[in-house]
Number of protein chains: 2
Amino acid sequence: MTRLSDRKKKILSAVIEEYIASAEPVGSKLLAEKAGLRVSSATIRNELSELTSLGYLAQPHTSAGRVPTAAGYRLYVNELMEQPDLSREEAARIDSSLAGKAQGHEQMLDDAGRLAADLTDYPALTLSSQGSDTVRRFDLIHVDANTFIIVLLLSSNQVKNKLVHLPFSVEEAQLRRLSAVMNANFCGVGEAEITGERIYAAERAIDDRMGLTAVVAGFTIETLSQSHGARAAISGGAKLLRQPEFQDPAKAHSLMDYLSDAAHLSELPCDGFDCAGGTDVKVLIGPENVAEELRDSSVILAKYDAGDGMQGVIGVVGPTRMDYSKVAAKLSYIAAGLSRALAGNAGNALPGFGKLMLTEKKEKSDS
Amino acid sequence: MTRLSDRKKKILSAVIEEYIASAEPVGSKLLAEKAGLRVSSATIRNELSELTSLGYLAQPHTSAGRVPTAAGYRLYVNELMEQPDLSREEAARIDSSLAGKAQGHEQMLDDAGRLAADLTDYPALTLSSQGSDTVRRFDLIHVDANTFIIVLLLSSNQVKNKLVHLPFSVEEAQLRRLSAVMNANFCGVGEAEITGERIYAAERAIDDRMGLTAVVAGFTIETLSQSHGARAAISGGAKLLRQPEFQDPAKAHSLMDYLSDAAHLSELPCDGFDCAGGTDVKVLIGPENVAEELRDSSVILAKYDAGDGMQGVIGVVGPTRMDYSKVAAKLSYIAAGLSRALAGNAGNALPGFGKLMLTEKKEKSDS
DNA sequence: TGCTGGCACTCTTATCTTTCGAGTGCTAAT
DNA sequence: ATTAGCACTCGAAAGATAAGAGTGCCAGCA
């Protein structure tokens, strides 16, 4: 289908790149000067005219320059654009930002989102659609007569906890029995299979009359369902306002409002990552988006791997006029780094860790 | 100083309330009709003129109505406005929103922020300037030969954890010794006092040659410093764009950018809560703000108590033209609810908790 | 056949005027 | 002290004009 002459391709690319940079319709004259083609503006006009009737370009009004259509962007992204390598500095910045601290999953994601927003100057979104998690190990810590802590080690290597205050007292031995029965019955068990019956059975097995089993099981279900349902977040929303296409407050507001609802973000299609040069990057251009609010924006998503089969997505939202190549490269690199950091979680540089913290601390108390 | 005739007060209030509602300069004619005063517009013009020269009102240009100045708002907030009670529905909504789940400190705060933003239609900010926390109890859970979990119970009743992978193996007995020495030496100790020497001493006490003590101490320091430094967050930033005063994207952008940096939020003055009718609400009007970016906005803050001496602030940011009374009432109510939920953390309705979770779960799997 | 210069035409954007109206301040009368 | 009346000011909206950018097409040329 795509039987475009080399010259047409070149011109289309030039139009898109120029438009990405200037946000203004680009005309034949400019093209004749800037693009490396050694032809006159009249020739270019003819080509532009054809590209327009092919549906790759459009003109806002009769006497304006050309603007890429969604189809134009699509073609550009799929076939025309070249994926640039990141500059050393940028790569280094990403590396250091991600390598900084080995914190929890969520904080890491948040940081990555902020980083992506900073680097691309577009709002960044992160969603971890971590598959179905299970508990690998239960621990109950007896604090005092009425208090204990539930500690769950999940198969995704996350640790979750909850402090429980009781209106009655409980003994350490009881907790030991309880944790034993939880470990025996609910390790590796998915959220859906933690049924009332099984809880009841466990309850009876240790003769638990105070409903402690149900408390622990309840927290487990809550935790699993929470990490099962995709967590979504957005950062750097204010950056939208920098884009000329969002000078109209109504537009900006509609999009920002849409984005700030995590429920909407989770609806983004997180499968079918194969386009854009083999890397795990996906580009949704304007009307390709299902959500009405995203129809004149584009979304670029990169998949990362969180180890243990879990995966998530980090991406940015911007006007259709985005520097797809640069943004895709950055996101891809960030996603890769994230995968490394999360999957290779085991590789905490342990020696010297304590010292590191100490020196950091010193600096802080100075300031 | 404030020797205003009753009529002037009434007029000033009327101007402010009208302006709050309409966002447009208000003139003498409208006032003559709406305000309950039985005088003509000419009389009101005279009064307006005086209020203007007193500095409480200003006119954008010679032939426009009057607009309140910061001083006008201040007077209104301090003396004129009446604190309305919340409607039953609103109170109920806040109660149910806060009582919903008894989660962690941070999540609770996030939820409260979202609630405040939704209820007031202004961006909400939350900051927990939790004083200096200490560890109340250390636990180390042995997972497998190379892995253990650090569990810290803080004096604020928060529980923090970290999964540690080791490049060498460690025995359960070692961990027991380590936790004993940590508990003995670092319970109730502030971040600043966890010095290298003390860590070294502890290390020697249990003959720890692998630096495990440092690892645990490092995490402790990290945790304490993190919860010591105020955590700040913002939600509902998009709502700003709804306000007429932020139709100019540049203004909106400047403020939103400012707000999205947590570091800036923490700089808000969180002391001196005494104005506005005895409740713990503080109003910063326009130029009263130190930050340049907040100079033509107002901030309303309400203090909440997180138990154990810790406290935080929840508030909203909006144009100086804010419905101070309503917003203050809402924030105050939310803050009170938050205090109750956090301080009275002990009062988890325990019986039936497990069942509750189960039914919730059922609903989810249905959809 | 394909490219180029030239030229008339179109349509937006910016700028400048004009008009309209709301609101004021002042004065004279009650 | 309050009010009615009136001239005046000034911004916002509407209309008019001018400028400029870009197109499409045609005729001539390799």
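All figures in this text were calculated on a predicted structure; none of them were measured in a lab. Residue numbers start from 1 in every chain, and the chains themselves are labelled A, B, ... in the order their sequence lines are given, proteins ahead of strands.
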* Sub-6.0 Å ring centroid separation between B/Tyr76 and B/Tyr324 -> no

Kindly indicate whether the side chain of [X], heavy atoms from C-beta on, has any atom under 4.5 Å from the side chain of [Y].
X: A/Leu241; Y: A/Gln247; value: no
X: B/Leu259; Y: B/Val317; value: yes
X: A/Val15; Y: A/Leu48; value: yes
X: A/Val316; Y: A/Leu125; value: no

What integer distance in Å separates [X]:[atom1] from [N]:[atom2]?
X: A/Leu51; N: D/dT23; atom1: CG; atom2: P; answer: 12 Å
X: A/Ile44; N: C/dG6; atom1: CD1; atom2: P; answer: 17 Å
X: A/Leu57; N: D/dG24; atom1: CG; atom2: C1'; answer: 16 Å
X: B/Leu37; N: D/dT2; atom1: CG; atom2: C1'; answer: 13 Å
X: A/Glu18; N: D/dG22; atom1: CD; atom2: C1'; answer: 15 Å
X: A/Glu50; N: D/dC25; atom1: CD; atom2: C1'; answer: 14 Å
X: A/Glu24; N: C/dC11; atom1: CD; atom2: C1'; answer: 16 Å

Check nucleotides 28-30 of chain D against the protein and report each pair of N or O atoms closer than 3.5 Å, with its distance, or say if there are none.
none

* To do: Could you pull out the closest heavy-atom pair between B/Tyr122 and B/Asp323, with the gap in Å?
  =>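 Where B/Tyr122 meets B/Asp323 most closely, the heavy atoms are OH-N, 4.2 Å.
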
* Nearest heavy-atom neighbours spanning B/Ala116 and B/Ile314 -> CB-CD1, 4.2 Å

Find the distance between [atom1] ([X]) and [atom2] ([Y]) and round it off to the nearest 0.5 Å.
X: A/Met81; Y: A/Ile20; atom1: CE; atom2: CD1; value: 9.0 Å
X: B/Lys8; Y: B/Leu54; atom1: NZ; atom2: CG; value: 7.0 Å
X: A/Asn289; Y: A/Leu284; atom1: CG; atom2: CG; value: 5.0 Å

* Inter-axis angle, terminal five-pair segments of the helix from C/dT1-D/dA30 to C/dT30-D/dA1 [nearest 10°] ->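 Overall, the helix from C/dT1-D/dA30 to C/dT30-D/dA1 bends by 20° from one end axis to the other.
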
* Counting only side-chain N and O atoms of A/Ser40, is one of them less than 4.0 Å from OP1 or OP2 of C/dC3? ->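 Result: no.
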
* Asked: Knowing that exactly one of A/Arg45, A/Arg66, A/Glu33 qualifies, which makes a side chain to side chain donor-acceptor pair (under 3.5 Å) with A/Ser28?
  ->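 Of the listed residues A/Arg45, A/Arg66, A/Glu33, the side chain to side chain donor-acceptor pair (under 3.5 Å) partner of A/Ser28 is A/Arg45.
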
* Structure fact -> Quick tally for nucleotides 16-26 of chain C: nucleotides whose base has a protein heavy atom under 4.0 Å get B, sugar-phosphate-only ones S, the rest -, giving ------BSBB-

* Asked: 5'-most contact on DNA chain D: B/Pro60 or B/Arg38, nearest heavy atom basis?
  ->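 Here B/Arg38 is the residue nearer the 5' end.
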
